[in-house]
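Since we're looking at a predicted model, the values are computed, not measured. Just so you know, residue 1 is the first one in the sequence shown, and it goes up from there.
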Amino acid sequence: MYDNLRQNIEDVTRKQIPLELDGEFAVFSNTEQINHPSIIKVILENKDVLSDGLPYLIYISREKKPNHSHNYKAGAMNVLTRVSGLMTNAPFMLNVDCDMVVNNPKFVLHAMCILMDSKSGKEVAFVQCFQQFYDGIKDDPFGNQWVAAYEYIIRGMAGLQGPYYGGTNTFHRRNAIYGLYPHEMENGREDEKLGEKILIQQFGRSKEFVKSAAVALDGKAYLPKDISPSNFIEAAIQVARCGYECGTFWGKKIGWLYGSISEDVPTGLNIHRRGWRSECCTPDPIPFTGCAPRGFISTMVQQKRWASGLTVVFFGKHSPVMGMLFGKIQFRAGLSYFWLTNWGSRGPFQVCYAALPAYCIITNTNIFPKGPGLWIPIALLVIYNLHTLLEYLRIGLSIRYWWNNQRMSLVTTTTAWFIGFLSAMLKLSGISDTVFEITEKEQSTSGSDGNNADAGRFTFDDSPVFVVGTTILLVHLTAMLIKFWGLQPTHSENGSGLGEFICSTYLVMCYWPYFKGLFGRGKYGIPFSTMCKSVVFALVFVHFCRSNAISG
């Protein structure tokens, strides 16, 4: 049914016959992507309150103007929250991204059992389901399917204050999104006596929405017979306007928080900071499946965006440090948020670590001991890799899968996360703003296993992300050539040895797709402009090393 629907839509868009936008469709005429009014249409209304029918189907397009920031996904989620609050005011909300599909509809029952549990349900703000993918390429060549991370790290977070909010596949408690504290579920709101004036200051000037918000905060809900979405279209259009949030708490203390392009993490942090817990829900079969980025470029775009947004969170007012010091985030839960929000911060350090073996080889210095002492770092390396390999094998993943994830962990950190960190620093310093780059989700052309001839092949463009990776590869290739040709300085007493050479070889192995890209053609080859920039950076680095060796 879905394939037929998609085909019909594609057939209509290919036709050159203009659509007649009159009557109730007149509002769609003369609209632009970033300049149009609020458009809300009730497509299906369950007036007979049928228990086995689709309750409501409502089209929502929020107002956009060129001079108003629409706050990306966070702004869209806040509009959806307000409109749904007017039309149904359901106590729970399901948040699913457009690239995810429902695989187990009974997930609703599982989530409700958690949220409505008589003992601990009132402490749970949201129920999170893991992201799993139906079209993942075999052995995860781009390291973007996160199977091991969800199995070990996110499940581990679930044993603390709960998993972080992942941005999709989540059931939310509406009054938690509205800023309620868990203890207020039992004792009532602390600002309940302050009246409508305070609520208007917090939630905006729509009296209809303020009334619905007060009902939600009191833990109540509308009766089905009292719900008629058609009666609230004008009010919904008002709360979907781009200027409605001005002077309110939206995006600051309530709703999805603004300020980062990774809006899910600060929103979840803000909820946990108020003392709420979250829970994982992993029924069988899995509740949701989605499509992962199927290309190297789209993976790097996604990773760069995440690293940039998380870095802004790490150094911002919604950081885990602030939540631990001034909020109710538990210590170990705060440490787990540290692991998440410092992704981008690892980039500069990892780039320095990646450059260090090449520096030692070129300058004929060492960072590792020689003789029997070298077995200590080698033993640590072997133990770590055996431990991670066993983790992958334990959950049914292959050795190839493990190697791809190890390789892409290093490549991603030294390229996409590094550039994302620099982008975040420019934003935090006020020099430039972060650009929201949408991750392109390519359609699978060969079924669910993704084993077509093109699957898993690395493609490149002229992004700065690939300049960094190509530079690291060229630096290490140059260092290895200098060692083979005997061009190292000879005055050093403690010259480079086997340890530095092993590290350099390991990095070249990790960057082997880049090596093949140096000789590839078309989209499978590294662009000439990228190679030129990388050669310049590599030569500057080698010159710096040689100059330092001479002066030393």
Side-chain angles (χ1 to χ4, degrees), residues 38 40 60 62-63 68-93 95 122 125-126 165 170 172-222 232 234-260 263-276 313 316-318 322-323 326-329:
S38 303
I40 298 177
I60 302 173
R62 57 183 170 142
E63 181 184 37
H68 283 76
S69 173
H70 55 79
N71 294 303
Y72 311 114
K73 179 181 174 181
M77 293 301 300
N78 284 336
V79 170
L80 289 170
T81 301
R82 292 195 295 271
V83 173
S84 67
L86 279 167
M87 294 193 165
T88 66
N89 210 28
F92 306 108
M93 303 178 291
N95 160 216
K122 292 184 178 181
F126 61 88
Y165 167 43
T170 315
H172 293 276
R173 189 183 296 276
R174 182 181 291 273
N175 48 21
I177 290 292
Y178 284 176
L180 197 72
Y181 285 79
H183 68 269
E184 293 177 318
M185 294 281 290
E186 294 287 349
N187 305 326
R189 287 185 290 130
E190 295 176 354
D191 59 352
E192 187 174 2
K193 298 180 181 180
L194 298 180
E196 183 180 357
K197 185 176 180 181
I198 295 297
L199 289 178
I200 289 176
Q201 180 183 352
Q202 295 174 348
F203 291 93
R205 295 190 173 277
S206 170
K207 292 184 177 181
E208 292 88 348
F209 178 70
V210 167
K211 179 182 176 182
S212 74
V215 170
L217 289 169
D218 290 336
K220 302 174 183 178
Y222 293 153
F232 293 98
E234 290 301 321
I237 290 175
Q238 178 188 358
V239 300
R241 288 176 179 152
C242 55
Y244 179 80
E245 297 178 348
C246 293
T248 68
F249 285 11
W250 285 102
K252 302 172 185 176
K253 295 183 178 180
I254 62 176
W256 275 254
L257 300 191
Y258 302 151
S260 169
E263 76 297 320
D264 45 2
V265 173
T267 300
L269 262 167
N270 187 46
I271 292 172
H272 282 140
R273 179 176 179 168
R274 295 198 302 271
W276 289 98
V313 175
K317 60 183 179 181
H318 298 295
M322 303 300 288
F326 304 105
K328 297 181 179 180
I329 293 182

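Atoms OG1 and NZ, from Thr267 and Lys73 in turn, are 9.5 Å apart once rounded to the nearest 0.5 Å. Atom CG of residue Leu217 and atom CG of residue Leu199 lie 7.0 Å apart, to the nearest 0.5 angstrom. In this structure, CD1 on Ile237 lies 10.0 Å from CD on Glu63, to the nearest 0.5 angstrom. Rounding to the nearest 0.5 Å gives a distance of 5.5 Å between CD1 of Ile40 and CE of Met87. For the atom pair CD1 (Ile329) and CD1 (Ile271), the distance works out to 11.0 Å, reported to the nearest 0.5 Å. Rounded to the nearest 0.5 angstrom, Tyr178 OH and Trp250 CH2 are separated by 5.0 Å.
Partners of Asn95 under the side chain to side chain donor-acceptor pair (under 3.5 Å) rule, at least two apart in sequence or in another chain, are Tyr165. In this structure Asn78 satisfies the side chain to side chain donor-acceptor pair (under 3.5 Å) test together with Tyr258, sequence neighbours excluded. Checked against side chain to side chain donor-acceptor pair (under 3.5 Å), Ser260 has no partners two or more places apart in sequence or in another chain. Partners of Arg173 by side chain to side chain donor-acceptor pair (under 3.5 Å), not counting sequence neighbours: none found. With sequence neighbours left out, His68 forms a ring pair (Phe, Tyr, Trp, His ring centres under 6.0 Å) with no residue at all.
Between the side chain of Arg62 and the backbone N or O of His70 there is at least one donor-acceptor pair closer than 3.5 Å. The backbone N or O of Asn270 lies less than 3.5 Å from no partner atom in the side chain of Trp276, so there is not a single donor-acceptor pair.
Among all heavy-atom pairs drawn from Phe126 and His272, the shortest one is CZ-CE1, 4.0 Å. Between Ala176 and Ala125, the shortest heavy-atom contact is CB-CB, 3.8 Å.
At a threshold of 4.5 Å between non-hydrogen side-chain atoms, the residues Arg273 and Phe326 count as touching. Contact annotation: the side chain of Val215 approaches that of Asn89 to within less than 4.5 Å [non-hydrogen atoms, C-beta and beyond]. Counting heavy atoms from C-beta outward, Asn71 and Glu263 have side chains that stay 4.5 Å or more apart. The side-chain heavy atoms of Lys252 and Leu257, taken from C-beta on, include no pair separated by under 4.5 Å. Side-chain contact between Val239 and Val79 is absent, with no heavy-atom pair separated by less than 4.5 Å.
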Take Lys197 and Ile200 through the side-chain contact (heavy atoms from CB on, under 4.5 Å) test and state the conclusion after the steps. CA-CA 5 Å; Lys197 185 176 180 181; Ile200 289 176; 5.8 Å; no
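With ring centers used as reference points, Trp256 lies under 6.0 Å from His172.
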Distance-only donor-acceptor pairs under 3.5 Å for side chains of residues 203-212, two or more places apart:
{"residue": "Ser206", "atom": "OG", "partner": "Phe209", "partner atom": "N", "Å": "3.2"}
{"residue": "Ser212", "atom": "OG", "partner": "Gly85", "partner atom": "O", "Å": "3.4"}
{"residue": "Ser212", "atom": "OG", "partner": "Phe209", "partner atom": "O", "Å": "2.8"}

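Salt-bridge check for Arg82 with Glu245: passed, with a basic side-chain N closer than 4.0 Å to an acidic carboxylate O.
Side-chain atoms of Arg174 and Ser84 include a donor-acceptor pair closer than 3.5 Å.
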